[in-house]
Amino acid sequence: MIDIKYLRENPDVLRTSQKGRGEDPAIVDRVLASDDARRTAIADYEALRAEQNLFSKSVGAAKGEEREALLEKGKVLSAAVKAAEARKSEAEVAAHQEILLLSNILDPKAPIGGEEDFVVLEHVGTPRDFTKDNFLPKDHVELGKLLGAIDTERGAKVSGARFYYLTGVGALLEFALVNYAISSAVKAGFIPMITPVLVKPPAMEGTGFLGQAAENVFNLEKDDFYLVGTSEVPLAAFHMDEVLNVEKLPLRYAGYSTCFRREAGTYGKDTRGIIRVHQFDKVEMFTFCKPEDAVAEHQRLLQWEKDFLTAMEIPFRVIDVASGDLGSSATRKFDCEAWIPTQEAYREVTSTSNCLEFQARRLNIRMKGAEATSHVATLNGTLVAIPRMIVAILENHQNADGTVNVPVALQPFLGTSRFELV
RNA sequence: GGUGGCGUGUCCGAGCGGCCGAAGGAGCGCGCCUCGAAAGCGCGUGUUGGGGAAACUCAACCGUGGGUUCAAAUCCCACCGCCACCGCCA
């Protein structure tokens with residue numbers, strides 16, 4: 001949510017930001033109008049209410065006939081107050097709904113444009129040249145079968161398209177990845193967390209997933225729950241409606257949870273394998289910090305993501321995501337894209353966003369120190385999203401016979417240096 | 001799922017439908033006292049929103065939302081949460 005006081009004074013900043021995102025700048029003017037209406041309604045109501053408060057006191061003191069007359073007048077006043085209050089509530093709800101439509105203000109450094117207008121910041125590692133190894137790489141589906149690691153056919157049989165089983169070494173690989181991720185996060189000072197995956201509407205709304213992203217959220221209507229698409233949601237909402245001690249910041253959490261995504265509008269995209277699935281597990285980093293520290297924190301989260309990929313010995317690149325592809329909450333976002341040999345392409349495996357105070361304002365998360373109470377900044381970043389990491393590891397570290405070498409960092413967690421054929 | 005109890009300020013804890021933003025205590029801050037500290041004494045100590053340059057002022061907030069009333073922390077209803085016991089259960 002945008003700060004209405006800031007918006008009143010800087011409407012042009014918001015208009016420019018909306019345009020940069022490819023969103024409607026006219027929302028800014030609708031917000032201003034609804035804010036005006038809101039304030040008028042508040043003033044009207046409060047004036048009447050003040051009158052009523054005074055009047056009511058005089059009734060208490062009066063007696064007999066005089067009292068009867070006052071009671072009559074009181075009824076009229078009461079009705080007027082009630083009506084004004086209804087108008088006030090209506091205006092407040094309308095103004096709130098209007099301002100929720102505004103996306104976060106773009107970081108001026110974020111590249112402007114659509115999904116394909118990202119800027120490549122750097123390459124780490126070099127894609128492996130399979131011609132030198134004299135064999136054609138197999139894709140992760142084939143490798144998964146040979147190793148007894150991934151079963152997509154039975155996933156489809158039981159749960160439908162975009163579901164899978166991790167079996168044997170596939171399951172062990174997930175545990176190894178999670179253990180490595182959590183232990184390195186703990187070493188870096190993160191508090192490990194296992195979060196709920198069913199959340200109530202305010203948590204979903206507050207993190208900004210019920211706007212444009214709503215169609216990708218599973219909703220249990222009967223019970224008024226949402227299935228989270230990322231533990232960013234329960235991690236952000238962890239401190240909902242709280243005032244944090246500024247001395248305790250930054251607070252860093254590493255959340256492990258299952259993630260559920262409807263993947264609406266992706267028919268025909270990534271239909272093979274486990275690149276794009278409805279359910280997967282992920283370790284997510286989440287930071288609450290002072291707004292002035294957020295940009296530096298964003299770099300730290302990115303660095304932890306790079307460290308992870310480096311430890312997995314995966315060649316990757318880092319991109320500065322373009323304005324049109326940021327999502328409503330982020331001011332800036334970096335993606336790490338791993339090289340996927342059989343696709344001969346870099347594919348997103350992790351992502352980190354700086355939301356500044358946008359989510360905190362919606363979730364009502366503030367900080368208090370010597371100075372006044374104000375909103376915190378929130379940032380999130382993927383440490384490891386299991387299926388895509390499995391794809392990257394299998395495909396990049398495969399041998400001609402279909403066996404796969406285990407990255408050194410994972411070997412202590414797996415007790416082996418190679419996945420063998422079953 | 002059933003029965004009973006409870007939900008007030010940072011915490012504990014009072015509260016007759018008007019004089020309650022709310023007694024009393026604790027904590028915290030400042031001051032006095034002291035060589036210093038403790039104790040004691042005095043003063044102060046919430047949040048959000050509207051108006052205002054500011055001083056300040058008005059409104060709202062006693063789990064949440066409705067209702068009754070001229071007037072609700074106080075009465076009524078619903079919901080949520082917590083605690084206890086029973087039943088069922090991984």
Side-chain angles (χ1 to χ4, degrees), chain A residues 1-10 31-100 194-206 220-227 234 237-249 251 256-258 281 357-376:
Chain A
M1 184 161 70
I2 297 299
D3 181 2
I4 184 64
K5 285 178 188 153
Y6 178 85
L7 185 147
R8 271 180 220 146
E9 276 152 34
N10 308 277
V31 169
L32 285 171
S34 66
D35 175 53
D36 215 53
R38 173 184 143 265
R39 288 194 288 165
T40 305
I42 288 175
D44 288 351
Y45 160 73
E46 286 186 355
L48 271 169
R49 183 66 175 154
E51 188 186 342
Q52 188 192 33
N53 282 343
L54 272 175
F55 179 78
S56 287
K57 281 181 185 152
S58 71
V59 174
K63 290 209 168 68
E65 281 175 31
E66 188 192 357
R67 187 186 165 87
E68 292 305 312
L70 286 178
L71 285 183
E72 279 311 304
K73 191 189 166 194
K75 279 183 189 169
V76 176
L77 196 48
S78 176
V81 168
K82 209 170 168 184
E85 186 175 16
R87 282 196 298 274
K88 184 196 72 146
S89 305
E90 223 172 276
E92 281 173 338
V93 169
H96 186 67
Q97 282 177 344
E98 209 66 67
I99 200 166
L100 285 182
I194 294 170
T195 72
V197 293
L198 293 180
V199 299
K200 302 213 165 268
M204 214 49 156
E205 175 93 67
L220 302 179
E221 255 177 70
K222 198 171 168 190
D223 299 291
D224 207 17
F225 279 124
Y226 291 98
L227 281 157
F238 185 67
H239 288 301
M240 180 163 66
D241 294 323
E242 291 181 22
V243 179
L244 306 175
N245 182 346
V246 75
E247 305 292 324
K248 299 269 171 67
L249 302 178
L251 278 170
Y256 168 68
S257 83
T258 302
D281 297 330
E357 300 103 310
F358 188 83
Q359 283 180 331
R361 217 171 269 121
R362 290 180 162 218
L363 291 165
N364 188 27
I365 304 172
R366 293 169 296 163
M367 58 180 190
K368 186 175 180 160
E371 342 70 59
T373 309
S374 59
H375 290 98
V376 299

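Chain letters run A, B, ... following the sequence lines, proteins first, then strands; residues in each count from 1.
- One can place CZ of A:R8 at 10 Å from P of B:G49, the figure rounded to the nearest angstrom.
- Closest approach to the A:R38 side chain among B:C58, B:G50, B:C70 is made by B:G50 (side chain taken as heavy atoms from C-beta onward).
- Straight-line distance from the CG atom of A:L48 to the P atom of B:C70: 17 Å, rounded to whole Å.
- Comparing atom distances between the A:K368 side chain and each of B:U47, B:G50, B:A59 picks out B:U47 as nearest.
- A salt bridge links A:R8 to A:D35: at least one charged side-chain nitrogen sits closer than 4.0 Å to a carboxylate oxygen.
- Whole-Å rounding puts the A:D3 CG to B:G49 C1' distance at 14 Å.
- Within the cation-pi definition used here (under 6.0 Å to the ring centroid, within 45° of the axis), A:K200 qualifies as a partner of A:F225.
- Nearest to the side-chain atoms of A:K5 among the listed nucleotides B:G50, B:A59, B:C70 stands B:G50.
- Look at the P atom in both B:U8 and B:G67: the space between them is 24 Å, to the nearest Å.
- The partner of B:G40 is B:C32, judged by Watson-Crick or G-U wobble contacts that both fall below 3.5 Å.
- When distances run from any side-chain atom of A:T373 to the nucleotides B:A60, B:C70, B:U48, the shortest one goes to B:U48.
- Closest to the side chain of A:K75, from the set B:C70, B:A59, B:G50, is B:C70.
- Between the side chain of A:E46 and the base of B:G49, at least one donor-acceptor pair of N or O atoms lies under 3.5 Å.
- Taking the P atom of each, B:C32 and B:G25 are spaced 23 Å apart, rounded to whole Å.
- Annotation: B:C12 and B:C6 have their C1' atoms spaced 16 Å apart (nearest Å).
- In this structure the side chain of A:D3 never reaches within 4.5 angstrom of the side chain of A:H375, judged on heavy atoms.
- For the C1' atom pair drawn from B:G21 and B:G9, the interatomic distance equals 9 Å after rounding to whole Å.
- For the pair A:E92 and A:L54, both in contact range of RNA chain B, the more 5′-proximal nearest nucleotide belongs to A:E92.
- In this structure, the CG atom of A:N245 is 16 Å from the P atom of B:C28, given to the nearest Å.
- Residue A:Q52 has no polar side-chain atom (N or O) positioned under 4.0 Å from OP1 or OP2 of B:C70.
- Remark: A:E90 CD is loosely packed, at most 12 non-hydrogen atoms of other residues, nucleotides or ligands lying under 6.0 Å away.
- No hydrogens or angles considered: a donor-acceptor pair under 3.5 Å links the side chains of A:R49 and A:Q52.
- Taking a pair to require two hydrogen-bonding distances under 3.5 Å in either a Watson-Crick or a G-U wobble arrangement, B:A55 remains unpaired.
- Closest approach to the A:R49 side chain among B:C58, B:G50, B:A60 is made by B:A60 (side chain taken as heavy atoms from C-beta onward).
- In this entry the distance linking NZ of A:K88 with P of B:G51 reads 13 Å, nearest Å.
- Contacts of A:I42 with the nucleic acid, taken as non-hydrogen atoms under 4.0 Å apart, involve only primed sugar atoms and P, OP1 or OP2.
- For the C1' atoms, the distance linking B:G46 with B:C20 amounts to 15 Å, nearest Å.
- Residue A:N364 contributes atom CG, which lies 14 Å from atom C1' of B:C61 at whole-angstrom precision.
- Two residues, A:S78 and A:R366, neighbour RNA chain B, and the one matched to the more 5' nucleotide by heavy-atom proximity is A:R366.
- One interatomic measurement links the two molecules: CG of A:D35 to P of B:G51, which rounds to 9 Å at whole-angstrom precision.
- Here B:G21 sits opposite no nucleotide as a Watson-Crick or G-U wobble pair (both hydrogen-bonding atom distances under 3.5 Å).
- With both pairing distances under 3.5 Å, B:U69 is matched to nothing as a Watson-Crick or G-U wobble pair.
- Between the side chain of A:S78 and the backbone N or O of A:G74 there is no donor-acceptor pair closer than 3.5 Å.
- Checking the phosphate oxygens (OP1, OP2) of B:C58, no side-chain nitrogen or oxygen of A:N53 falls inside 4.0 Å.
- The separation between A:K73 atom NZ and B:U69 atom C1' is 18 Å, rounded to whole Å.
- B:C33 and B:A37: their C1' atoms are spaced 12 Å apart (whole Å).
- Nucleotide B:A78 has B:U64 as its partner under the Watson-Crick or G-U criteria, with both atom distances under 3.5 Å.
- A donor-acceptor pair is defined here as one N or O able to donate and one able to accept, closer than 3.5 Å; no such pair exists between the side chain of A:R366 and the backbone of A:R361.
- Nucleotides B:U68 and B:G87 are separated by 39 Å at their C1' atoms, to the nearest Å.
- Taking the P atom of each, B:C77 and B:G5 are spaced 13 Å apart, rounded to whole Å.
- In terms of phosphate contacts, A:R39 brings a side-chain nitrogen or oxygen within less than 4.0 Å of OP1 or OP2 of B:G51.
- To the nearest 0.5 Å, atoms CG (A:L48) and CG (A:L77) are separated by 6.5 Å.
- If you check every strand for non-hydrogen atoms under 4.0 Å, A:K82 touches sugar and phosphate atoms only.
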